[in-house]
Asks: 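My questions will all concern the structure given below.
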Amino acid sequence: MYDEVTIGARLRALRRWRGMSLRTLADLADLSQGFLSKVENGKQPLDRRSHIAAVAQALQVSETDLMGGPHLSTDPTQAEPHSVVPALRAAIQTNRLGDAAVDRGRPLPDLLAETRELEEVFISCDYLALGRRLPSVIDELHFHVAEAAGESARLTVLTALVEVYMFATFRTKDLGYSDLAHLAASRAMDAADLSGDPVAVGKADYLRVQTMPRENSWDRAQVAAEQAAAMLEPHATDPLGLQVLGMLTLSAAMAAAVQHKTAAAGAWLDEARALAARVPDEPLVNWSSFSTTNVGVWGVAVGVESGEGGAAVLELADAVDEAKLSARRSRHATFLADVGRGLARDPNRRGEALRWLRRAEAVAPQRIRNNPAVRETVGVMLQQAREAAVGRELRGMAARMGVPH
């Protein structure tokens, strides 16, 4: 039996709560009844963004209701990052531009130096270390917004504030705190707007797109990404501007793919490749890793979202130079996990899928053990394996992710 903490069990409970038959849900979500039956019984993962959005919309619930909120297990690597969220929430919620929650801060050069150090922590995927240091940095940068002497110093502080809110946005989103991630993105937009810098605004727009509610709004995400790209394009005259523009085009590609707009998704990926050719292929250095290598990573993600599996996913993965991702743990782990999830769709490649997922876990354990899509894939693989001998390695990964095994 698929355990009650899994998506399949939540789907069944929500469907029954709505008094809805499986056939009715299938018709409303434009998915097959057989597919949804397999999801409810733990034999098929519900891990594609388009499927999740369609089912949530049909049930008139949020994606969080369907997928589950922040998940805690007995594994400290998985659970401990959540312990720093209350302090981070306080910093995000209690600070506003012109109304800092603190009345003093370290000298600005020292604070900016720590901001640069935090980028390394962010890249390393150490959620616990980032969460312990980030709240005070947010507090003190807000203090310096009002204290900055001159426009140059003010712009420096506001730009740094956009960056630290990016750290907060993605790490709270990764841990399942979608509302907090959206608020952090909104705070970044406030700082970017005040700066008057089109590239900073483009960065904040990217965060806004990434934190839009997913149920019933992928079309809005695509429009927002396209509009932000159009606004930034005239100002993307240096490598940083091109990199921010590139991330907006990749966001548009994913949003189009979720809506099954294959031609639009392909066109935006082509645009991203053209932009990437104009900047060095250095994921570790470039803003949000935008580069030819990172476009390949997103190509895998779009392919998996579009339903690719097995050999087709491996073909997409072959175009990615993993060596260039090795130091960018977050992006590397996401790439490995997407390949593993795609391979898991092929019954003959589940052992190979597990190897890719284990590699992802080894690269960034805090990230992967908190990833709902990976957890769903592991849970379904485990259910499938119960009909045969369950491997020790799969049981171990399930235990670390809090998947009943």
Side-chain angles (χ1 to χ4, degrees), residues 70 72 76-148 156-192 194-195 200 203-204 206-208 210-211 284 287-289 327-331 333-334 364-367 369-371:
L72 298 176
T77 300
Q78 188 277 331
E80 284 183 356
H82 296 267
S83 67
V84 299
V85 172
L88 191 53
R89 182 182 296 278
I92 295 170
Q93 290 184 335
T94 60
N95 283 291
R96 293 184 301 170
L97 293 175
D99 185 16
V102 297
D103 58 5
R104 63 179 59 86
R106 285 165 285 177
L108 184 56
D110 295 344
L111 190 58
L112 294 177
E114 179 162 8
T115 299
R116 290 189 291 272
E117 291 175 9
L118 283 181
E119 182 175 9
E120 297 300 318
V121 180
F122 176 77
I123 289 171
S124 73
C125 257
D126 190 339
Y127 291 32
L128 195 58
L130 183 73
R132 286 171 173 164
R133 297 171 63 180
L134 194 53
S136 62
V137 173
I138 292 174
D139 284 342
E140 293 174 75
L141 283 174
H142 272 280
F143 166 77
H144 279 287
V145 169
E147 297 296 313
T156 297
V157 175
L158 291 170
T159 301
L161 201 52
V162 172
E163 289 296 313
V164 298
Y165 273 128
M166 178 182 74
F167 305 154
T169 295
F170 283 112
R171 291 305 171 248
T172 54
K173 178 186 175 185
D174 293 345
L175 292 172
Y177 302 90
S178 57
D179 290 347
L180 189 56
H182 179 73
L183 181 57
S186 297
R187 296 285 194 253
M189 181 59 73
D190 292 341
L194 187 59
S195 77
K203 291 179 178 180
Y206 171 64
L207 303 184
R208 182 170 66 93
Q210 291 297 311
T211 58
L284 183 61
W287 189 81
S288 201
S289 299
R328 191 92 191 196
R329 289 178 175 268
S330 177
R331 206 53 49 95
T334 298
Q366 293 178 34
R367 178 177 179 82
R369 294 183 197 178
N370 280 287
N371 186 296

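The analysis underlying the following values was restricted to heavy atoms, covering all of them including side chains, and did not include hydrogens, waters or symmetry mates.
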Asks: Closest heavy-atom contact between T169 and A184?
Replies: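 So the minimum-distance heavy-atom pair works out to OG1-CB, 3.4 Å.
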Asks: Measuring from R132:CZ to L88:CG, what's the distance to the nearest 0.5 Å?
Replies: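 The CG atom of L88 is 13.5 Å from CZ of R132, to the nearest 0.5 Å.
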Asks: Can you tell me how far NZ of K173 sits from CD of Q210, rounded to the nearest 0.5 angstrom?
Replies: 4.5 Å
Asks: Does any part of the side chain of R171, heavy atoms only, come nearer than 4.5 Å to the side chain of L175, both counted from C-beta?
Replies: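 Result no, sub-4.5 Å side-chain heavy-atom pair not found.
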Asks: Do L141 and N95 have side-chain heavy atoms sitting under 4.5 Å apart?
Replies: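 No - every pair of side-chain heavy atoms lies 4.5 Å or more apart.
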Asks: Taking Q78's backbone N and O only, do any of them form a donor-acceptor pair with N370's side chain (distance below 3.5 Å, no angle check)?
Replies: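 Side chain of N370 to backbone of Q78: a pair is present.
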Asks: Would you give the length of the straight line joining atom OG of S195 to atom CG of L161, rounded to the nearest 0.5 angstrom?
Replies: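 CG of L161 is found 10.0 Å from OG of S195.
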Asks: For A188 versus L207, what's the shortest heavy-atom pair and its separation?
Replies: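 What the structure gives for the nearest pair is CB-CD1, 3.8 Å.
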Asks: Answer yes or no: are there more than 12 heavy-atom neighbours, outside D110 itself, under 6.0 Å from its atom CG?
Replies: yes
Asks: Identify the heavy atoms of A192 and V162 that sit nearest to each other, and give their distance.
Replies: N-CG2, 3.8 Å
Asks: For L128 and Q366, which heavy atoms make the closest approach, and how far apart are they?
Replies: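 So the minimum-distance heavy-atom pair works out to N-OE1, 3.2 Å.
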Asks: Apply side chain to side chain contact (heavy atoms under 4.5 Å, CB included) to N371 and D174, showing your working.
Replies: CA-CA 7 Å; N371 186 296; D174 293 345; over 6 Å; no
Asks: Passes side chain to side chain contact (heavy atoms under 4.5 Å, CB included), L158 versus L97? Steps please.
Replies: CA-CA 9 Å; L158 291 170; L97 293 175; 4.1 Å; yes
Asks: Could you check whether any side-chain N or O of R104 sits under 3.5 Å from a backbone N or O of F143, counting only pairs where one atom can act as donor and the other as acceptor?
Replies: no
Asks: Looking at side-chain heavy atoms only, is the closest gap between R106 and E114 below 4.5 Å?
Replies: yes
Asks: Is it the case that the ring center of H82 lies less than 6.0 angstrom away from the ring center of Y127?
Replies: no
Asks: Quick one: does any side-chain atom of K203 pair with a main-chain N or O of M166 as donor and acceptor, under 3.5 Å?
Replies: no
Asks: Under the rule for ring pair (Phe, Tyr, Trp, His ring centres under 6.0 Å), what residues qualify as partners of H142, not counting sequence neighbours?
Replies: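 Expected list: Y165.
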Asks: Where is the tightest heavy-atom contact between L72 and A79, given as atom of each residue plus distance?
Replies: CD2-O, 4.1 Å
Asks: Kindly give the heavy-atom pair with the smallest separation between I138 and A91, and that separation in Å.
Replies: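 Heavy atoms only, the tightest pair is CG2-O, 4.0 Å.
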Asks: Kindly indicate whether the side chain of L118, heavy atoms from C-beta on, has any atom under 4.5 Å from the side chain of L130.
Replies: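 They are in contact (side-chain heavy atoms under 4.5 Å apart), so the answer is yes.
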Asks: Begin from the C-alpha positions of T172 and R89 and carry the test side-chain hydrogen bond (donor to acceptor under 3.5 Å, both in side chains) through to its verdict.
Replies: CA-CA 9 Å; T172 54; R89 182 182 296 278; over 6 Å; no
Asks: Hey, what do you get for OG1 (T115) to CD (E163), rounding to the nearest 0.5 Å?
Replies: 9.0 Å
Asks: For residues 180-191, which residue pairs pass the salt bridge (Lys or Arg N to Asp or Glu O under 4.0 Å) check, not counting sequence neighbours?
Replies: none
Asks: Taking the inter-plane angle between the rings of F170 and F122 on a 0 to 90° scale, is it parallel (under 30°), tilted (30 to 60°) or perpendicular (over 60°)?
Replies: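 Geometry flag for F122 against F170: tilted rings.
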Asks: Does V121 offer a backbone N or O that forms a donor-acceptor pair with the side chain of D126 under 3.5 Å?
Replies: no
Asks: Nearest 0.5 Å, please: how far is OG1 in T94 from CG in D139?
Replies: 6.0 Å
Asks: Determine the sole option in R367, R329, R328 for which the side chain to side chain donor-acceptor pair (under 3.5 Å) test with T334 is passed.
Replies: R367
